[in-house]
Each structure stands twice: as C-alpha cells, then as structure tokens.
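Remarks on the structure that follows.
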2 protein chains.
Amino acid sequence: MATELQARPMAREPLSKDRVLRAAVALADGGSIESLSMRKLAHELGVVPMAIYKHMANKDELLDGMVDVVIGEIDPPLTGSDWKSAVRHRILSARRALLRHPWASGVIESRRTPTPVVVEYMDSMLGMFRSGGFSVDLTHHVMHTMGSRVFGFTQELFNDPPDGDPKTQATMVREMAATYPHITELLLAISHDRGSVVGPGCDDQFEFEFALDLLLDGIERLRQQGGVQA
Amino acid sequence: MATELQARPMAREPLSKDRVLRAAVALADGGSIESLSMRKLAHELGVVPMAIYKHMANKDELLDGMVDVVIGEIDPPLTGSDWKSAVRHRILSARRALLRHPWASGVIESRRTPTPVVVEYMDSMLGMFRSGGFSVDLTHHVMHTMGSRVFGFTQELFNDPPDGDPKTQATMVREMAATYPHITELLLAISHDRGSVVGPGCDDQFEFEFALDLLLDGIERLRQQGGVQA
DNA sequence: CCCTGTTGGTGTACGCTGTACACTCCGAGA
DNA sequence: TCTCGGAGTGTACAGCGTACACCAACAGGG
C-alpha cells in the first residue's frame, strides 16, 4: 500500500516502561488499586501477562514507577516568596495530584523504600525549610510533624459512610445518639450546614487546609523563637 | 482415668471467635501482616482452614476483630484533669498499644468501615474535647487535624534505611550529598547525635510527642480564642 | 549473502491466596 | 432411640505473582 512500513495488520506499538506505567496509572485511576493486577494490566495492553516482565522486574517496581508518575505531577517549589506560602502552595499542589490519583496515598504508604524521585521530592521540601531560615534540627522535626501532609494527604480513616435510605434515618439517628452521643451531635452539626441528615461527610479540602495552617502557624512560631530545645 | 471428662487423647479445646482472634494477633505480632493467611492461622490453631469460617464470616471480619483487640488495649480516658493532659495521656496510651502491634496501623487504615468498638473509641475521644470546653465545630476540625494521631500513629513513610556495610558509607555519603544535599545534611546531623553514620534513624517517640504537643498547643490557642471562623 | 546473538512477546506451570460447597461426626433434646 | 444442628473436614475453584522454556524478528559481522 503506502510505504514499506506498516505492513502487518494492526501492528501494536511496542511495549515500553513508559507505556506500561501510563496504562497502570490509568487502570488504577478508574477503579481501585485492588483492580490492578498484572494480568488485567496485560490484558489492557493487549499483551500476555509475562510480557510486562520484559520491562519491569516485578510488581513492586511497577508500583514504585506509578508513585513516581504521581510525584512528577507536583509543581516545583515556587521561588521568590516566603517559606510559608511556598510550602503551602507546594503541599496543596501535591494534594491536587493525590486527589487525581486516589490510590496513590495508599501505595506511597505501602512502599518499603522510597524511589530516587521520592527522595528528591523530600530533599527539595527540606530545602524549602532550610532556605526559609530553619535550623537543620527544626527542619527535621517539622518534617515529622507534617507527616504525610507533605504528600498532600492525611489518612482518611474510614472512607465514606454508607448512607442508607432517608426514611429510616430518623430512627437510626435516635438510637445512634444513645450509644454515640458525641458523634451524633457532630454529624447533626455537619448535616445542618448541608442538606441531608447523613450527608456526604466533611469538607475534606477545608479540613486539610485547616490542619495545614494550624501546623504552619505553630511551626512559624517555633522558627521565630529560634528553634527547639529538646 | 480420673473423671468422666477428658477422655479422648489430646482433645483440643474447641475453637471460638476469641481463640481465633488471639491466635491471629499473636501470629501478626511475630512477623508481618502479610504472613497472616487463613491457612497459616488455621495451621497455628491445629485445624483445617475452613474451620475458621464457622466462627468468622471472612478475612475482613477477622481483621476487624483484630483491630478491636488492639483498640481494647487503650486506656480509658482519665477523669479529673484538664482536657489537654487527658487527651495527651490517652493518645500516648494508644501509641503504646500500636507499638505492641506494629501491623495494626496499616490494618486500621485499610478498613473500609469502622467497627462499633472503633466508633466508640472515636466517640469517647470527641467527648474529651467537648467536656474540655470545645465547641462542636472546633471539636470536629480538631479531630481532623489530629488525624491518625488519635490512634497513636503517624504514617512512617519508608520504614527503615537498609544501612549497608560501614566501610563504603563514607563514599556513599559523598555522592549522596551531591544529589540530595539537604537530606544528607540532616542525616549527618542525626548521626552526629548518635553513633554510626547511617544510624537507626530518628527517635520516633520524640518526634511523635513533638508533633503532638505542637498540635495540642495550637489547638489550645484556638480554644482560648473561642473557636474558629471559617 | 548467510549466520548468529539479542531482544520482545508467548505459553505453560507452580505455589500461594481466599473461600464456596458438600460432607461427616458428635452431643443434646424430643 | 431417633433426629437435628452445629463444629470440623475435604475437595475444588478462580485469581494472584512470577519462574522458566520457547520462538519470531531483527541487528551486525563474516
């Protein structure tokens, strides 16, 4: 037909580490992380499971690569502003990346040793504090304090309330109030600000920023008083 | 021989939900959580795998039960002291329980919906803030801020540095300094306070309490200024 | 030109997992 | 004594990650 290339009918573009990674991230994005198996991934790529192993040592390497993809979506540190807003911006950028890939937080936590990409991210995060005038020690403690927030997430601890039908909710609330008075009180307060009785839960973005700012403010106070005495 | 009981040679004591749970916790304690399979657990109990399913619906129920065991080890709230030291004590008690069962933090995070035992723990935690004079809203935000710390853990993010032999460490440090200057700086500062160059890592207990107190202090400030304006 | 070595994709197979389902056995109640 | 229910068993299945042998296509050198 046209040129000498493109002879075979439907010749697949060949596999590559990158193509495998992109397919894996896409597969995890649409569905949970449990739905990511080597076999399903291979099927998605139109290939036999073992073909993946020509480009990846094993599933751990695949997961590491997927984390790197997500970390790669985080904005670089912005320069020319105070440490606090720089850190705040970057962490919120990390959070946006993590929200695009809800499986990532769990995978990040599950990794035994970090990849170079992750280490580099941590290093640059440390650098933001150091150049903001923090001592080495204080930088260290501060990173521990921020915990997983430097990656833009806190553990959710119980993902979503499985809200039942709204007719029996009134009685449910009544008997809940007996055993869990404070939780009920809180749920009612939340749902008052919103529509239903057992609404879609909390405003996670607000809560994240609330905690983040509380931490940043406390950290700034420590910096001003010149560090920490252990 | 003796009485009419105890006839058969080595009659096992029968299985029970409790015995299964205790065996499962013990098995997870000595080894990681991946080493806990229904088959290994059954073997440990001297029984065939399917026997467990007469007492547990499935593995999820087993894991839930194991979490409940750990939560049950946390001290109840102490009464007659200010909210801050009461909360602090309880959280550190939770931390001790979690340190006794290192697998528990991961399992807690992985649960989709909390068990009544866990809900009760959360409720009593909320109650401690409420009776400390916190508004419902502030209590809510505060719980989010504390995150997994109410269970006594922060995610570790990378468990342990796999320190190599100490001879080549000097060169390793040198080339690490090139790519990760701030991390190297920090590692050196830590190792200076201790023995080796790539020591056993951070003092996790110190870091946990550092972050906890920073949070508690920030939270107390919020309480004094009467809540939060969103 | 052929010959050979490398590289990417295949097929088969193994040991592990959770668990459905049909079975047996034993003690208690009618 | 007969029956019934519940505890423990045995077999079986689908799914997982992946080791290993194989094979087709291509590259470079004689």
Side-chain angles (χ1 to χ4, degrees), chain A residues 3-25 27-28 30-67 103 106-107 110-113, chain B residues 3-25 27-28 30-67 103 106-107 110-113:
Chain A
T3 69
E4 77 276 16
L5 288 173
Q6 166 249 26
R8 229 59 45 73
M10 290 310 294
R12 279 195 315 265
E13 62 171 324
L15 243 47
S16 71
K17 195 155 180 165
D18 197 67
R19 207 162 84 86
V20 170
L21 243 38
R22 276 185 289 117
V25 167
L27 208 156
S32 71
I33 192 65
E34 291 99 23
S35 68
L36 174 72
S37 75
M38 298 302 265
R39 289 169 146 94
K40 291 211 194 91
L41 177 57
H43 181 77
E44 207 71 18
L45 289 161
V47 108
V48 94
M50 287 310 295
I52 297 173
Y53 288 83
K54 296 289 170 180
H55 304 268
M56 294 283 184
N58 48 38
K59 191 171 184 183
D60 270 3
E61 191 172 307
L62 176 74
L63 291 173
D64 278 341
M66 293 171 68
V67 169
W103 46 269
V107 175
S110 76
R111 296 300 71 204
R112 177 164 265 87
T113 52
Chain B
T3 69
E4 77 277 14
L5 289 172
Q6 166 250 22
R8 232 56 48 72
M10 289 311 296
R12 278 196 316 266
E13 63 171 324
L15 243 48
S16 71
K17 196 157 180 166
D18 198 65
R19 208 162 85 84
V20 171
L21 277 176
R22 275 184 290 116
V25 168
L27 207 156
S32 71
I33 192 64
E34 291 99 22
S35 68
L36 175 72
S37 74
M38 298 303 265
R39 288 170 148 91
K40 292 212 194 89
L41 177 56
H43 181 77
E44 207 71 19
L45 290 161
V47 107
V48 96
M50 286 312 293
I52 298 173
Y53 287 85
K54 296 290 169 180
H55 304 268
M56 294 284 185
N58 48 39
K59 191 170 184 183
D60 269 2
E61 191 172 307
L62 177 74
L63 292 172
D64 278 342
M66 293 171 68
V67 170
W103 46 268
V107 175
S110 75
R111 297 298 74 204
R112 178 163 263 86
T113 51

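The two residues A:Trp103 and A:Ile33 have their closest heavy-atom pair at CB-CB, 4.0 Å. Taking all atoms of both residues into account, the shortest heavy-atom contact from B:Leu62 to B:Ala24 is CD1-CB, 3.9 Å. Among all heavy-atom pairs drawn from A:Arg111 and A:Asp60, the shortest one is NH1-O, 3.3 Å. A pairwise comparison of heavy atoms in A:Pro49 and A:Arg39 identifies CG-CG, 3.9 Å as the closest pair.
Rounded to an integer number of Å, the gap from CE of B:Met50 to C1' of C:dT24 is 15 Å. Between B:Asn58 atom CG and C:dA20 atom P there is a gap of 8 Å when expressed in whole angstrom units. In this structure, B:Lys40 places its NZ atom 9 Å from P of C:dC16, rounding to the nearest Å. At whole-Å resolution of the value, CG in B:Leu15 and C1' in C:dC26 are 16 Å apart. The CG-C1' distance, from A:Leu36 to D:dG17, rounds to 12 Å in whole Å. Nucleotide C:dA20 holds its C1' atom 13 Å from the CE atom of B:Met38, rounded to whole Å. With rounding to whole Å, B:His43 atom NE2 is found 13 Å from D:dT9 atom P. One interatomic measurement links the two molecules: CE of A:Met56 to P of D:dG17, which rounds to 14 Å at whole-angstrom precision.
Side-chain nitrogen and oxygen atoms of B:His55 include none within less than 4.0 Å of the OP1 or OP2 phosphate oxygen of D:dG6.
Side-chain proximity of B:Tyr53 to C:dG9, C:dG18, D:dG8: nearest is C:dG18. The listed nucleotides are D:dG8, C:dG9, C:dT17; the one nearest the side chain of A:Pro14 is C:dG9.
Between B:Lys54 and B:Lys59, the one whose closest nucleotide on DNA chain C sits nearer the 5' end is B:Lys59.
Counting atom types as modelled, A:Arg39 pairs a side-chain N or O with a base atom of D:dG17 as donor and acceptor under 3.5 Å.
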